[in-house]
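For reference, positions follow the sequence shown, starting with 1.
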Amino acid sequence: MIQAVIFDMDGVLIDSEAIYLEDLLQFAQTLNPQVKKEEIVSTVGKTAKDTWEIMGNAIKSGQSWKELRQAYRRASSVADNTDYTSIFRQEARGLLDELKQRGYKLAVASSTHRQLVLHVLFQNGILDYFKTVVTGDQFARSKPDPEIYHHTAHVLGVEENDCFVVEDSTVGIRAAHDAGMKVAALIDNRFGFDRSLADYQVEKIEDILRYL
């Protein structure tokens with residue numbers, strides 16, 4: 001029986017993927033003006049290593065993926081300049097209210113670093129809904145490794161097969177699936193995500209209520 005509902009953040013609670021992709025493109029074009037968005041769109045939802053290897057192949061600067069990532073971190077201010085209330089999925093608050101009323105334990109499991117995740121949740125007034133917030137910088141391996149979901153279940157005190165996850169990306173869906181959890185994939189056709197491992201596919205996040 002489902003006892004807990006776990007949310008990814010980027011692409012699920014906030015519609016951030018397109019903003020981050022545009023920022024990556026602008027950075028890439030400072031190093032190689034010929035880079036096209038089509039060359040880097042597959043970075044969306046990927047691990048840091050995979051993202052920056054894709055970026056490196058597009059930029060062709062000869063830098064390692066770690067060097068490129070460090071250069072981007074020095075150059076980018078996208079997190080500081082983004083109004084996260086403007087890309088928050090407003091239907092999420094009503095959904096969280098309903099899930100809380102039904103007695104589900106709620107959590108966030110995001111590959112994004114902790115400081116930003118807490119900032120986004122606090123800025124949108126939903127931090128207090130979650131019993132725990134688990135972030136990618138707590139782990140050596142990122143999604144699609146299922147470690148983040150195993151850990152979240154442990155913290156919640158719930159067995160993996162009693163957890164229901166809302167994800168959007170290929171790697172997130174695989175991580176939750178490999179952890180033995182039920183997975184609902186939020187449909188987003190902009191980035192070529194593979195949703196084949198999801199148990200359910202939903203147009204809006206509140207649509208998960210029909211499966212709980």
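A donor-acceptor pair under 3.5 Å is formed between the side chain of R89 and the backbone N or O of V12. At least one donor-acceptor pair under 3.5 Å links the side chain of T30 to the backbone N or O of F27. Between the side chain of N81 and the main chain of S77, a donor-acceptor pair closer than 3.5 Å is present. Proximity of a side-chain donor or acceptor of Q26 to a complementary backbone N or O of D23 within less than 3.5 Å is not detected. Here the side chain of T82 pairs a donor or acceptor atom with the backbone of V78 at under 3.5 angstrom. Formation of a donor-acceptor pair under 3.5 Å by the N57 side chain with backbone atoms of E53 is found in this model.
The environment of E159 atom CD is sparse: at most 12 non-hydrogen atoms of other residues, nucleotides or ligands sit within 6.0 angstrom. In this structure, H113 places its NE2 atom where more than 12 heavy-atom neighbours from other residues, nucleotides or ligands lie under 6.0 Å away.
E22 is linked by a salt bridge (Lys or Arg N to Asp or Glu O under 4.0 Å) to K37, counting only residues two or more places apart in sequence or in another chain.
For the residue pair S61 and L68, the shortest heavy atom distance occurs at OG-CD2, 3.9 Å. Contact detail for E17 and G11: the closest heavy-atom pair is CG-CA, 4.0 Å. Considering every non-hydrogen atom in both T152 and A107, the closest pair reads CG2-CB, 3.8 Å. Heavy atoms only, all atoms of each residue included: Q63 and L31 are closest at OE1-CD1, 4.0 Å. Closest of all the heavy-atom pairs between W65 and W52 is O-CB, 3.5 Å. Shown here for I54 and E39, the closest heavy-atom pair between the two residues is CG2-O, 3.7 Å.
In this structure the side chain of L25 reaches within 4.5 angstrom of the side chain of Q29, judged on heavy atoms. Within the 4.5 Å cutoff, side-chain heavy atoms of R93 are placed close to those of F88. Residues D10 and S110 form a side-chain contact, since some pair of their non-hydrogen atoms from C-beta on lies under 4.5 Å apart.
How far CG of L121 is from NE2 of H119: 10.0 Å, rounded to the nearest 0.5 Å. One finds the CD atom of E147 at 8.5 Å from the NE2 atom of H150 (value rounded to the nearest 0.5 Å). Here the straight-line distance linking atom CG of L21 with atom CD1 of I40 works out to 5.0 Å at 0.5 Å rounding. A distance of 13.5 Å separates NZ in K46 from CE in M55, rounded to the nearest 0.5 Å. Atom-to-atom distance recorded for Y104:OH and F164:CZ is 9.0 Å, nearest 0.5 angstrom. The CG atom of L96 sits 7.0 Å away from atom CG of L13, with the distance rounded to the nearest 0.5 Å.
Other cluster members for V155: none, since no ILVMFWY side-chain heavy atom sits under 4.5 Å from it.
Annotation: side chain to side chain donor-acceptor pair (under 3.5 Å) contacts involving residues 164-173, sequence neighbours excluded, comprise K143-E167, Y149-E167. For the salt bridge (Lys or Arg N to Asp or Glu O under 4.0 Å) condition, the pairs that include at least one residue of residues 99-121, sequence neighbours left out, are E98-R102.
Here R141 pairs with D145 in a salt bridge; the nearest charged N to carboxylate O distance falls below 4.0 Å.
The hydrophobic cluster containing V108 does not contain I173, counting ILVMFWY residues as joined when their side-chain heavy atoms lie under 4.5 angstrom apart, directly or transitively. Residues I126 and I87 share a single hydrophobic cluster, defined by chaining ILVMFWY side chains whose heavy atoms lie under 4.5 Å apart. Linking ILVMFWY residues whenever their side-chain heavy atoms come closer than 4.5 Å, directly or via other members, places V133 and L99 in the same cluster. Under the 4.5 Å side-chain contact rule for hydrophobic residues, F7 and L156 do not share a cluster. Following chains of ILVMFWY side-chain contacts shorter than 4.5 Å, one cannot reach F130 starting from V158, and the two form parts of different hydrophobic clusters.
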Side-chain atoms of residues 204-212: list all donor-acceptor pairs with protein atoms under 3.5 Å, sequence neighbours left out, distances to 0.1 Å.
residue	atom	partner	partner atom	Å
D207	OD2	K204	N	3.1

Please list every donor-acceptor pair under 3.5 Å in which a side-chain atom of residues 176-193 meets a protein atom from a residue at least two apart or in another chain.
residue	atom	partner	partner atom	Å
D188	OD1	R190	N	3.1
D188	OD1	R190	NE	2.9
D188	OD2	R190	NE	3.3
D188	OD2	R190	NH2	2.7
N189	OD1	R195	NH2	3.0
R190	NH2	D15	OD1	2.8

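When the options T135, D137, V134 are evaluated for a side chain to side chain contact (heavy atoms under 4.5 Å, CB included) with V117, the one that passes is T135.
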